[in-house]
Amino acid sequence: MSAPRPAAVVDRVVVPAGTTAAAAIAEAGLPTTGPDAIVVVRDPDGRLRDLDWVPDAEVAVEPVPLSSPDGLNVLRHSTAHVMAQAVQDLFPEAKLGIGPPIENGFYYDFDVSKPFQPEDLERIEKRMREIVKSGQRFSRRVYGSVEEAKAELADEPYKLELVDIKGDVDTSEVMEVGGGELSVYDNIDPETGKRCWSDLCRGPHLPSTRLIGAFKLMRVAAAYWRGSEANPQLQRIYGTAWPTKDALKDYLNLLAEAARRDHRKLGADLDLFSFPEEIGSGLPVFHPKGGILRRELEDYSRRRHEEAGYQFVNTPHITKGRLFEISGHLPYYADTMFPPMKLEGAEYYLKAMNCPMHHLIYKSRGRSYRELPLRLFEFGTVYRYEKSGVVHGLTRVRGLTMDDSHIYCAPEQMGDEIKSLLRFVLDLLADYGLEDFYLELSTRGEGPKFIGSEEEWAEATEALRVAAEESGLELVPDPGGAAFYGPKISVQAKDAIGRTWQMSTIQVDFQMPQRFGLEYQAADGTRKRPVIIHRALFGSIERFIGVLTEHYAGAFPAWLAPVQVVGIPVREDHTPYLQDFVARLRAERIRAEVDASDDRMQKKIRNAQQQKIPFMVIAGDTDVANGTVSFRYRDGSQRNGVPLDEAVAHVLEVVRSRTNVGPSASA
RNA sequence: GCCGACGUGGCGCAAUUGGUAGCGCACCCGACUUGUAAUCGGAAGGUUGCGGGUUCGAGUCCCGCCGUCGGCUCCA
């Protein structure tokens with residue numbers, strides 16, 4: 001969530017044979033304390049090494065400072081060890097799971113008979129502070145054999161398991177083993193030289209706990225051992241760690257900013273939507289103001305889709321189960337669909353995806369190659385039985401509306417269609433104010449889930465890859481992340497505070513045309529099978545509204561704002577003057593109103609400010625006398641004494657241009 | 001679904017060891033009228049998520065549902 005400081009460019013340092021990296025670092029005059037301290041080195045093979053590593057032969061190594069991305073990982077991983085030591089000091093019966101660094105922090109899993117309580121975190125933190133302060137050294141020791149490791153780890157059942165599977169894991173999350181040898185890190189008290197604690201670990205680590213500048217334990221949660229529901233649940237403690245107290249403070253401020261932007265809170269504050277318990281979990285209702293937002297988002301999308309050659313369709317919310325048998329969804333997703341209703345001998349399901357119905361529209365009559373690409377579009381509402389623990393605000397709901405389209409094209413059209421589609425998607429997202437993207441390419445994985453031939457998958461994957469590369473955006477591979485019927489590109493967008501959200505997806509599908517027997521007649525008179533491209537831009541409108549709310553912190557651009565203009569009279573008798581002005585704006589379809597309550601002007605400004613209304617239009621004696629109004633914008637800037645015609649034109653210009661910044665006196 | 005925490009009027013909070021619900025904002029009424037983030041006064045509003053139980057007595061303790069939050073798992 002926070003951008004790591006760019007790593008200082010540090011020259012390589014030569015470590016002579018038989019000396020420690022630490023000695024060479026010190027010799028080179030590089031820092032050994034503070035946020036730029038060199039904490040590990042990268043050897044010529046790219047492997048990170050502890051500072052007390054002694055190479056057999058002279059090597060040039062790259063010093064890695066604490067505040068670099070690698071340095072932060074080491075810091076956090078070492079802090080996880082300190083936490084585990086503290087936990088086992090306080091809870092001797094606790095068995096160790098795994099404890100890797102993660103983005104902005106770390107966690108460690110423990111098997112304890114009684115789950116940790118929030119108060120326990122304070123005790124653990126206190127013990128950690130003592131350990132950090134004592135300046136324990138991290139010291140690497142390599143086991144001579146698996147048997148030796150097992151003997152030492154006899155009391156740690158989970159670690160024993162890791163030793164047994166060491167050949168099979170080499171992921172970034174399992175820090176315990178991997179890299180070809182079994183090693184253990186001892187924490188050594190610098191005063192006495194005594195070993196305080198040790199942990200199976202491939203390393204590397206900080207030279208000393210003293211380099212842990214600041215940390216905080218964040219929360220406890222349960223997590224399945226090795227990520228499988230079939231395994232026991234361990235208690236996981238999450239923490240964060242930083243080189244300095246200021247860096248920690250910045251991070252906590254960022255979290256506080258994220259909390260201020262939380263769409264669930266803003267949705268209530270701004271009267272946009274709610275989740276009535278009587279309706280059910282994950283089923284939002286949109287209030288009038290949220291309704292305006294939603295309609296504006298949809299209307300603009302509709303217009304753009306019309307311009308791009310899409311045709312609009314409508315389909316029902318329930319269907320016989322047969323449809324999802326044909327599509328093949330039922331075997332995979334029955335347990336995440338609402339259970340069927342039995343009627344007239346058939347089982348009807350709530351619609352969980354729109355595609356099969358669109359395929360039936362395609363199939364409703366014979367199709368010619370002249371019609372292709374045929375682009376069908378629908379704001380289609382679907383219902384999915386999300387597990388109770390995962391429902392979350394607008395971002396994970398049980399009833400959602402997808403801006404779903406299916407493009408039926410000839411195989412030879414696929415490449416160009418994907419390219420123009422990706423450009424369309426990115427342009428449209430940018431129009432809503434999301435402009436910082438990267439792409440993810442999800443490809444086929446192992447297992448029976450994936451249907452279809454290798455050749456088709458390869459062809460589709462290649463078409464997506466070419467389009468993605470042509471966009472010039474960063475492309476991150478996601479092996480095994482594809483849907484069962486085909487690979488996809490997903491567009492990840494960064495919001496105003498740097499968080500990434502998965503937005504649009506583009507999926508290629510060779511399977512549904514076969515399953516539904518879709519055809520078109522080609523120019524040569526033969527029957528051919530079209531390719532389907534599935535595409536959602538918002539993903540779900542509900543979720544998109546949630547994301548935009550957080551992106552804009554509720555201060556929506558003028559074109560989306562539920563109330564665009566509020567007139568604020570200085571004195572009661574200025575109200576009619578503003579009402580005339582507002583009437584002119586309303587005639588131009590601007591959402592404008594006058595605050596005619598008996599609050600004081602200052603209070604009205606405060607209210608408008610809290611509602612994040614883009615234009616406050618104030619008028620008092622001076623304005624009335626001069627035929628002007630005065631603007632106050634959300635950022636507190638002002639533009640006073642603006643003639644009425646000019647003021648109307650100004651509002652229209654800002655709203656109709658769909659600008660996503662401001663408005664402000666300076667813009 | 002699993003683990004933990006939580007659930008008090010629309011919102012944010014308070015209620016000593018279980019003793020019969022308070023405050024601020026908003027809403028409503030009245031008075032006041034001041035050029036850029038809170039005028040004053042008054043009224044009203046809660047069978048403390050729901051259902052059981054323990055107790056002379058439960059917002060406070062126990063059980064079960066529902067919901068929310070944080071994770072895990074999942075995400076067509």
Side-chain angles (χ1 to χ4, degrees), chain A residues 107 109 114-118 120 218-238 259 262 264-265 268-269 271 274-282 324 327-337 352-356 382 384-393 395-397 400 402 404 449 481-486 488 502 505 507 509 512 534 536 539-540 543 568-575 597-610 616-624 629-634 636-641:
Chain A
Y107 66 79
D109 289 342
K114 201 162 64 106
F116 296 112
Q117 301 298 304
D120 294 333
M218 306 300 284
R219 58 180 61 99
V220 285
Y224 298 106
W225 168 239
R226 300 187 58 212
S228 167
E229 247 175 319
N231 288 337
Q233 278 198 332
L234 307 182
Q235 291 297 310
R236 173 172 297 180
I237 303 179
Y238 284 92
D262 191 317
R264 294 165 300 187
K265 176 176 161 45
D269 288 351
D271 198 14
S274 59
F275 301 88
E277 202 175 305
E278 295 85 341
I279 297 178
S281 181
F324 295 133
S327 71
H329 285 99
L330 213 42
Y332 296 111
Y333 300 112
D335 56 340
T336 51
M337 289 170 69
M353 65 293 296
N354 297 302
C355 21
V382 299
R384 294 176 179 179
Y385 177 64
E386 301 286 359
K387 290 188 203 167
S388 59
V390 307
V391 171
H392 180 96
T395 57
R396 196 75 182 269
V397 289
L400 58 134
M402 305 180 76
D404 217 351
K449 172 184 159 185
F484 71 89
Y485 51 74
K488 70 175 177 199
Q502 180 180 318
T505 57
Q507 297 184 254
D509 177 1
M512 294 302 144
H534 300 244
S540 99
R543 182 167 177 278
I568 298 176
V570 171
R571 208 177 334 113
E572 201 173 352
D573 52 308
H574 302 124
T575 303
S597 69
D598 59 0
D599 285 327
R600 299 306 161 100
M601 178 198 62
Q602 288 86 341
K603 181 63 180 296
K604 293 179 182 183
I605 289 171
R606 177 182 155 85
N607 287 343
Q609 198 81 46
Q610 286 182 323
M616 283 169 250
V617 176
I618 298 167
D621 288 337
T622 318
D623 283 305
V624 172
V629 292
S630 297
F631 285 99
R632 179 194 164 101
Y633 304 94
R634 282 184 296 221
S637 64
Q638 301 176 28
R639 189 178 289 169
N640 294 329

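Counted by atom type alone, A/Asn640 and A/Gln638 present one or more donor-acceptor pairs between their side chains at under 3.5 Å.
For B/rG1, the OP1/OP2 oxygens have a side-chain nitrogen or oxygen of A/Tyr385 closer than 4.0 Å. Applying the 4.0 Å criterion to OP1 and OP2 of B/rC3, one finds that A/Gln235 has every side-chain N and O outside that range. Between A/Ser388 and B/rG1, a side-chain N or O to OP1/OP2 separation shorter than 4.0 Å is present. The shortest distance between the side-chain N/O atoms of A/Lys603 and the OP1/OP2 oxygens of B/rG35 is not below 4.0 Å. Remark: A/Arg264 is not in phosphate contact with B/rC11, judged by side-chain N or O atoms under 4.0 Å from OP1 or OP2.
Annotation: cation-pi geometry not satisfied between A/Arg639 and A/Phe631 (NZ/CZ under 6.0 angstrom from ring centroid, within 45° of ring axis).
The shortest heavy-atom contact between A/Gln609 and A/Tyr633 is NE2-O, 4.1 Å.
Aromatic stacking is marked for A/Tyr333 over B/rA76, as both cut-offs hold: 5.5 Å for the centres and 30° for the planes.
At a threshold of 4.0 angstrom between heavy atoms, the contacts of A/Ala483 are confined to the sugar-phosphate backbone, with no base atom among them. A/Ser630 comes within contact range of at least one nucleobase, with a heavy-atom separation under 4.0 Å. Among the heavy atoms of the strands lying under 4.0 Å from A/Arg396 is at least one base atom, whether or not backbone atoms are also near. In this structure, A/Val382 reaches neither bases nor backbone, as no heavy-atom distance under 4.0 Å exists between it and the strands shown. Counting any heavy atom pair closer than 4.0 Å across all strands shown, A/Arg632 reaches a base atom.
Put simply, the side chain of A/Arg384 never gets that close to the backbone of A/Thr336: no donor and acceptor are under 3.5 Å apart.
Partners of A/Glu277 by salt bridge (Lys or Arg N to Asp or Glu O under 4.0 Å), not counting sequence neighbours: none found.
In this structure, A/Tyr107 and A/Arg219 have side chains that are not in contact, with every pair of non-hydrogen atoms separated by 4.5 Å or more.
Minimum atom distance to the side chain of A/Met601 is reached by B/rU36, of the listed B/rC32, B/rU36, B/rG67. Closest to the side chain of A/Tyr224, from the set B/rG71, B/rA76, B/rU73, is B/rU73.
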note = Each base of RNA chain B marked ( ) or [ ] if paired in-strand (Watson-Crick or G-U under 3.5 Å), | if paired to another strand and . if unpaired gives (((((((..((((.....[..))))..((((.......))))......(((((..]....))))))))))))....

